[in-house]
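Below is one structure, written out as structure tokens, with a few remarks after it.
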Number of protein chains: 4
Amino acid sequence: MAVEDKRGAVLQAMMELITEHGFHGTAMSMVAKRAGVAAGTIYHYFESKEEVINQLYGEVMQRVGLALVQEDSNKGSIKDRFFRYYTNIYHYYIQHPDEFRFLEQYTNSPYTSQLAREENGKAFEPVLLFLQQGIELGVLRPLELRMMMALVHGHVISLAKLHLSDNNLPVTQEQLEQAAQSCWDGVRIN
Amino acid sequence: MAVEDKRGAVLQAMMELITEHGFHGTAMSMVAKRAGVAAGTIYHYFESKEEVINQLYGEVMQRVGLALVQEDSNKGSIKDRFFRYYTNIYHYYIQHPDEFRFLEQYTNSPYTSQLAREENGKAFEPVLLFLQQGIELGVLRPLELRMMMALVHGHVISLAKLHLSDNNLPVTQEQLEQAAQSCWDGVRIN
Amino acid sequence: MAVEDKRGAVLQAMMELITEHGFHGTAMSMVAKRAGVAAGTIYHYFESKEEVINQLYGEVMQRVGLALVQEDSNKGSIKDRFFRYYTNIYHYYIQHPDEFRFLEQYTNSPYTSQLAREENGKAFEPVLLFLQQGIELGVLRPLELRMMMALVHGHVISLAKLHLSDNNLPVTQEQLEQAAQSCWDGVRIN
Amino acid sequence: MAVEDKRGAVLQAMMELITEHGFHGTAMSMVAKRAGVAAGTIYHYFESKEEVINQLYGEVMQRVGLALVQEDSNKGSIKDRFFRYYTNIYHYYIQHPDEFRFLEQYTNSPYTSQLAREENGKAFEPVLLFLQQGIELGVLRPLELRMMMALVHGHVISLAKLHLSDNNLPVTQEQLEQAAQSCWDGVRIN
DNA sequence: GATGAATGAGATTTCATTCAT
DNA sequence: TATGAATGAAATCTCATTCAT
């Protein structure tokens, strides 16, 4: 197992276990076992349990940031680009349920550090710029940028959560389109 | 101190501490101290830590359910009633930040039991019925009910979270109206 | 077992084990077992291992301070009182070898806190005053007080250490008198 | 870096760290880092941590033994030679505080092996012979040799400790002479 | 010889829960 | 009913030592 593999295995194990048992329920010994390394080895790569979790957050946010702008093009219309962002992030979330659940837990825990918020800011900066463009072009409502961002993101998150919850209500393609349209109708200028 | 006071004090203490330190960071001894009772006393009222938390969740959801329908009237228009629900829950959340943060943590933790989801269902049942009415009257879009419910609730939650986050971005009355309008425009039929 | 007994049992166990295995070699689990309490119980009485050790130091120094002045009388001659102090502390040390060895380890470890030095000061203050009297009366040499104190105490410590070391060289009564005389001849004015 | 340099660097690092953090507080990884070698390298030169410490003790005692007899001459008077020894060792200690503190910790720890005592014996043998001479010549009191040795050594140690303690009481040249005189007056025949 | 990643036993400490008072 | 001292399993983290490179 190469060096980077062990670090990665620890992060992956931590994420899986947190989604299964929560922060508290995830003991370092469990992480070690799942990652296939010795307990002490984790501490060669990370200072503490907290650091494992924070680094995990950073890496997941980076991936989310990349997924967000995939196939995005500055040439598209605001509406097209909006739908692109909406579906991009939705798909990333439902295709990476562990990451999604981890993020939700992390974001809503009191551990969330200032650092975390900054990380978050970085990943979603492209969208922030996009929303600003949309407003300037008179296509989107002149809402406070951070608020619009929060409302839109909250919208997708709710949809993903619905799809991933074990209540046998998978979101269909049609429903995804309805949801995206709903979100769009809420921010566009009539 | 009357019997009910102790039970209530424990629940209140648990909630405050969970919002401060998370599920994990909240020790029963801390709860006992904050509630002004002995550690053992908690176990006269509750079976376990988990039961304290679950009962807390149930009680909080009841209060949320009551707040939701305050000043609601079957006679109002769908739009008015929608705005009423939206602002009712928004205000309850921002006026009870401990409850709100507790709910967010609880909802996103893997502890969430089936029982919890049922509780949730009960509290929001009136809104579900209302949405159905709106659809039947041709005012709201014929979206899957649970999805519409999730999208709308996720919308308010995002707004409340924005207001309560310590980033100095308090949501103004004007912004609340814009947000509610945005949500409404996303579900109404054009 | 009464409350105070458990606290005392922990301190006693810690002292015995430290003289046997050193600070490092003494695990809290060993202390618990020897004291006849559960590991967690120690933490009801003390904040940490360090606090156990520091409190132990404080208590031992108090006992040493009491032993030092036993049967001391302001009416005796300087010489008699000097011999009294010398033999008092010598006997306390050899009759309480665990305390003595613990003190030696503690004093020479880098853990020794400022607090420890103050504690030390308190216990030996009577002797400091006595030495000053002796100087003022022209019986003792006008040496810097703290230095004289250190030299005399170092003298007794060496003797006690010699007696307690497992080299089969027990110090006889005669040798004790010779040693005390030697110390006295070194500080008195000829 | 030559072979001997690494061995020496390890010993030096171990000594410095022990005086700073104690036996317990000194991890092999810290020693490796301070010595500028890899952790595993230490185990090419030494069997174990204990062996590093024991060898360190041996080497330090050798140096102390050499310093002790510097500029000593069999031709001098007993008194002059006594003062020579006293000041020699005092100066060595205060000029090599790390070695001194290490020795004090080592000597008072339960790790002190039989081997260590023998090492000690070797280093101070010249003084033992000298004291015997002094007694035979009728200049020194006919005290048990090991006791006299212990008392005198304890005397110097106390003085050095006083000087090195961080209580702002540096021992002056005059005080050193007073102390040596005090020690001498305690062992010479009146 | 030299490295330093890896190990895993064991250290300190926490904490949900019990039970004698 | 109420207490809070006591428990001991389990958590996080450390560290002497090994070994493949």
Side-chain angles (χ1 to χ4, degrees), chain A residues 1-7 23-33 35-52, chain B residues 1-3 6-7 24-33 36-53, chain C residues 1-7 10 23-33 35-52, chain D residues 1-3 6-7 24-33 35-53:
Chain A
M1 199 185 250
V3 164
E4 198 41 38
D5 281 356
K6 295 214 175 180
R7 212 190 89 99
F23 287 112
H24 165 220
T26 300
M28 291 302 265
S29 57
M30 292 163 69
V31 176
K33 183 177 277 185
V37 303
T41 303
I42 301 179
Y43 292 88
H44 274 292
Y45 295 100
F46 306 95
E47 287 255 313
S48 63
K49 184 181 183 178
E50 202 182 349
E51 209 210 297
V52 179
Chain B
M1 197 186 255
V3 164
K6 294 210 176 178
R7 213 190 89 97
H24 165 218
T26 300
M28 291 300 266
S29 57
M30 290 164 71
V31 176
K33 182 178 277 183
V37 304
T41 303
I42 300 180
Y43 291 85
H44 278 293
Y45 296 100
F46 306 93
E47 285 259 310
S48 64
K49 183 181 184 179
E50 202 182 348
E51 209 211 295
V52 179
I53 294 172
Chain C
M1 198 186 251
V3 165
E4 200 38 41
D5 283 356
K6 295 215 173 177
R7 212 191 89 99
V10 168
F23 287 112
H24 165 219
T26 300
M28 293 300 266
S29 57
M30 293 163 68
V31 176
K33 183 176 277 184
V37 302
T41 303
I42 301 179
Y43 293 87
H44 273 293
Y45 295 100
F46 306 93
E47 288 255 312
S48 63
K49 183 179 184 179
E50 202 182 349
E51 209 210 295
V52 179
Chain D
M1 198 186 251
V3 164
K6 295 209 174 177
R7 213 190 87 99
H24 165 218
T26 300
M28 292 298 266
S29 57
M30 291 164 70
V31 176
K33 182 178 279 185
V37 302
T41 304
I42 300 179
Y43 291 85
H44 277 294
Y45 295 101
F46 306 94
E47 286 258 312
S48 64
K49 182 180 185 181
E50 203 183 349
E51 210 210 295
V52 179
I53 294 171

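Lettering follows sequence order; numbering is per chain, from 1.
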Sugar-phosphate only, base, or nothing, as touched by A:Met28 at under 4.0 Å among non-hydrogen atoms: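 Touches sugar-phosphate only.
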Contacts of type ring pair (Phe, Tyr, Trp, His ring centres under 6.0 Å), residue D:His44, not counting sequence neighbours: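 Here no residue qualifies.
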Pairing residues for A:Phe23 by the ring pair (Phe, Tyr, Trp, His ring centres under 6.0 Å) criterion, not counting sequence neighbours: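 Residues passing ring pair (Phe, Tyr, Trp, His ring centres under 6.0 Å) with A:Phe23: A:Tyr111.
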Phosphate contact (F:dA2 OP1 or OP2) by B:Tyr43 side-chain N/O below 4.0 Å: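 Negative; the distance criterion is not met.
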F:dT1 OP1/OP2 closer than 4.0 Å to side-chain N/O of B:Tyr45: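 No, no such contact exists.
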Quick one: [X] [atom1] to [N] [atom2], roughly how many Å, whole number?
X	N	atom1	atom2	answer
B:Met30	E:dT14	CE	C1'	12 Å
B:Phe46	E:dT17	CZ	P	13 Å
A:Glu47	F:dT12	CD	P	16 Å
A:Phe23	F:dA11	CZ	P	17 Å

Donor-acceptor contact present, side-chain D:Lys33 to main-chain D:Ala39, <3.5 Å: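 A pair under 3.5 Å: no.
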Any donor-acceptor N/O pair, A:Lys49 side chain to A:Thr26 backbone, under 3.5 Å: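 Yes; judged by distance alone, with no hydrogens or angles, the pair exists.
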Polar atoms only, N or O, under 3.5 Å: list the protein pairs with nucleotides 7-9 of chain F and their distances.
| residue | atom | partner | partner atom | Å |
| --- | --- | --- | --- | --- |
| F:dT7 | OP2 | C:Ala38 | N | 3.0 |
| F:dT7 | OP2 | C:Thr41 | OG1 | 2.4 |
| F:dG8 | N7 | C:Gly40 | N | 3.3 |

First encountered from the 5' end of DNA chain E, between C:Thr26 and B:Ser29: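 Closest to the 5' end, via its nearest nucleotide, is C:Thr26.
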Residue whose nearest DNA chain E nucleotide is more 5′ - B:Glu50 or C:Ala27: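 Upstream on the strand: C:Ala27.
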Nucleotide nearest B:Lys49 (side chain, heavy atoms from C-beta), chosen from F:dA16, E:dT17, F:dT12: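 Taking heavy atoms from C-beta onward, the closest nucleotide is E:dT17.
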Contacts of type side chain to side chain contact (heavy atoms under 4.5 Å, CB included), residue D:Ser29, not counting sequence neighbours: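 Here the qualifying residues are D:Ala27.
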Partners meeting side chain to side chain contact (heavy atoms under 4.5 Å, CB included) with C:Phe46 (sequence neighbours left out):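 Counting only residues at least two positions away or on another chain, C:Phe46 forms a side chain to side chain contact (heavy atoms under 4.5 Å, CB included) with C:Arg7, C:Val10, C:Leu11, C:Ile42, C:Glu51, C:Val52, C:Gln55.
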Residues in side-chain hydrogen bond (donor to acceptor under 3.5 Å, both in side chains) contact with D:Glu50, at least two apart in sequence or another chain: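 For D:Glu50, no residue satisfies side-chain hydrogen bond (donor to acceptor under 3.5 Å, both in side chains) once neighbours in sequence are set aside.
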Minimum heavy-atom distance C:Ala38-C:Ala32, with the two atoms named: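 Taking every non-hydrogen atom into account, C-CB, 4.0 Å.
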Dot-bracket encoding of pairs in DNA chain E, which uses [ ] for pseudoknotted crossings and | for another strand, Watson-Crick or G-U under 3.5 angstrom: .||||||||||||||||||||
